[in-house]
Amino acid sequence: MNKCELVGILNITPDSFSDGGMFFDPAHAVRHAAEMFEQGATIIDVGAESTNPWSSPLDPYEEWSRLAPVVRALAKKYPMKISVDTYHPETAKKAIKFGVG
């Protein structure tokens, strides 16, 4: 029997078109992730770069500066249940050090 996974999407961008930037504050983002886990998510995918057509791409430094406080907090509480949405190898390498996929 196949197991179904429910993935929660956590946008930590100030200009997200899907949530209006509601979770840009790291503390609020961490609380929202906890709520998604309580509601049945088995994995949380965290993204720091908006796909809003009017947004500018982030360099790896800015992307990690947004991700770091959220990833650190979530990886401690939910090890191996966090993924990071990035196309920057530098960001992925930093996230992997925290046990993030």
Side-chain angles (χ1 to χ4, degrees):
M1 181 160 62
N2 293 332
K3 182 180 175 187
C4 180
E5 301 282 339
L6 180 61
V7 179
I9 305 300
L10 181 58
N11 295 314
I12 56 171
T13 64
D15 57 351
S16 172
F17 64 88
S18 66
D19 62 35
M22 290 176 52
F23 308 111
F24 186 60
D25 174 69
H28 195 187
V30 170
R31 284 192 302 274
H32 185 60
E35 291 171 6
M36 287 192 283
F37 279 123
E38 289 170 12
Q39 294 170 356
T42 52
I43 300 167
I44 302 293
D45 185 55
V46 186
E49 183 172 325
S50 179
T51 57
N52 182 326
W54 298 277
S55 296
S56 298
L58 295 180
D59 63 46
Y61 176 81
E62 177 65 25
E63 183 180 47
W64 184 247
S65 71
R66 291 181 184 183
L67 285 168
V70 176
V71 167
R72 285 183 180 124
L74 293 177
K76 285 180 187 176
K77 191 166 183 178
Y78 308 101
M80 302 306 295
K81 295 187 180 222
I82 307 300
S83 66
V84 170
D85 180 3
T86 185
Y87 57 87
H88 294 292
E90 304 91 337
T91 300
K93 288 176 187 175
K94 289 177 182 176
I96 288 169
K97 291 180 183 178
F98 288 95
V100 171

> Which residue pairs satisfy the salt bridge (charged side-chain N to carboxylate O under 4.0 Å, His left out) criterion with at least one member in residues 61-75, sequence neighbours excluded?
Replying inline: Glu62-Arg66
Show me the donor-acceptor pairs within less than 3.5 Å that the side chains of residues 38-49 make with the rest of the protein, sequence neighbours left out.
| from | atom 1 | to | atom 2 | distance (Å) |
| --- | --- | --- | --- | --- |
| Thr42 | OG1 | Glu5 | OE1 | 2.5 |
| Thr42 | OG1 | Leu6 | N | 3.2 |
| Thr42 | OG1 | Leu6 | O | 3.3 |
| Asp45 | OD1 | Ser83 | OG | 2.6 |
| Glu49 | OE1 | Leu58 | N | 3.3 |
| Glu49 | OE1 | Tyr87 | OH | 3.2 |
| Glu49 | OE2 | Tyr87 | OH | 3.1 |

> To the nearest 0.5 Å, how far apart are CG in Asp85 and CG in Leu10?
Replying inline: 11.0 Å
>> For Phe24, give me all partners under ring pair (Phe, Tyr, Trp, His ring centres under 6.0 Å), at least two apart in sequence or on another chain.
In response: none
>> I'd like to check the side chain to side chain contact (heavy atoms under 4.5 Å, CB included) partners of Ala95; sequence neighbours left out, ordered by chain and number.
In response: Trp64, Val84, Val100
> Quick one: does Lys77's side chain get under 4.5 Å of Phe37's, heavy atoms only?
Replying inline: no
> Is the backbone of Tyr61 close enough, under 3.5 Å, to the side chain of Asp59 for a donor and an acceptor to pair up by distance?
Replying inline: yes
>> Which residues pass the side chain to side chain contact (heavy atoms under 4.5 Å, CB included) test with Ala92, not counting sequence neighbours?
In response: Thr86
> Between Pro60 and His88, what is the shortest heavy-atom contact and its length?
Replying inline: CG-ND1, 3.5 Å
>> Could you work out, with ring pair (Phe, Tyr, Trp, His ring centres under 6.0 Å) as the rule, every residue matching His32, not counting sequence neighbours?
In response: Phe23
